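Some notes on the structure that comes next.
Since we're looking at a predicted model, the values are computed, not measured. Along the sequence shown, residues are numbered consecutively beginning with 1.
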Amino acid sequence: MTALEIITDERNGDLDKEMTEILKTRIITLINRINALGDIWFNESWTEEWLSLCAIKSIWFKQLWVDDEWIIIKSIDKEVKEDNIFRNKGENIPTIEVIRLKEQYDSVIKKN
């Protein structure tokens, strides 16, 4: 997240449309890797990438999302920061809570 903070600080807290679309697409890709059966790309590097992309405390980041999406993004971020992402260490299986959040996100996307 440090790189994102530097970029946005240099641009007075603003990203252009292309940058915001790239960032949003990357985060949606991460959310889509959450799968009850596991996913080879849902692993420790997933957590690192999530933390590097999600600037939860930044106003500009919140503005990327509709309210329902934002609530879910913040909830996933909380699970990541509390290390409650994987059922067991060394497995690519998400916790029940993370799966529930992914299902909520899918529902929100279908509505919009």
[X] vs [Y] side-chain heavy atoms within contact, under 4.5 Å:
| X | Y | result |
| --- | --- | --- |
| Glu82 | Glu97 | no |
| Thr20 | Trp60 | no |
| Ile71 | Gln104 | no |
| Trp50 | Ile73 | yes |
| Asn35 | Lys102 | no |
| Trp65 | Ile72 | no |
| Lys78 | Lys74 | no |

### Message
The test is side chain to side chain contact (heavy atoms under 4.5 Å, CB included); show your working for Ile59 and Lys62 and say whether it passes.
### Response
CA-CA 5 Å; Ile59 293 169; Lys62 180 180 181 183; 5.8 Å; no
Between [X] and [Y], which heavy-atom pair has the shortest distance, and what is it?
| X | Y | answer |
| --- | --- | --- |
| Phe86 | Glu44 | CE1-OE2, 3.4 Å |
| Asp77 | Cys54 | OD1-CB, 4.0 Å |
| Phe61 | Ala55 | CB-O, 3.1 Å |

To the nearest 0.5 Å, what is the distance between [atom1] ([X]) and [atom2] ([Y])?
| X | Y | atom1 | atom2 | answer |
| --- | --- | --- | --- | --- |
| Leu23 | Arg26 | CG | CZ | 10.0 Å |
| Asp39 | Leu30 | CG | CG | 10.5 Å |
| Leu64 | Met19 | CG | CE | 11.0 Å |
| Glu79 | Thr47 | CD | OG1 | 11.5 Å |

#### Entry: Arg87 (side chain) donor-acceptor with Thr95 (main chain) under 3.5 angstrom
no
### Task
Under the side chain to side chain contact (heavy atoms under 4.5 Å, CB included) rule, what do Ile56 and Trp70 come out as? Steps first, then yes or no, please.
CA-CA 9 Å; Ile56 295 292; Trp70 176 243; 4.1 Å; yes
### Task
List, by chain and then residue number, the residues other than Trp41 in its hydrophobic cluster (Ile/Leu/Val/Met/Phe/Trp/Tyr, side-chain heavy atoms under 4.5 Å); write none if there are no others.
Ile40
Linking I/L/V/M/F/W/Y whenever their side-chain heavy atoms sit closer than 4.5 Å, directly or via other members, would [X] and [Y] fall into one cluster?
| X | Y | value |
| --- | --- | --- |
| Ile28 | Ile76 | yes |
| Ile93 | Trp46 | no |
| Leu51 | Ile31 | yes |

#### Entry: Lys110/Asp106 salt bridge by N-O under 4.0 Å criterion
no
### Query
Does Glu21 pair with Lys24 as a salt bridge, N-O distance under 4.0 Å?
no
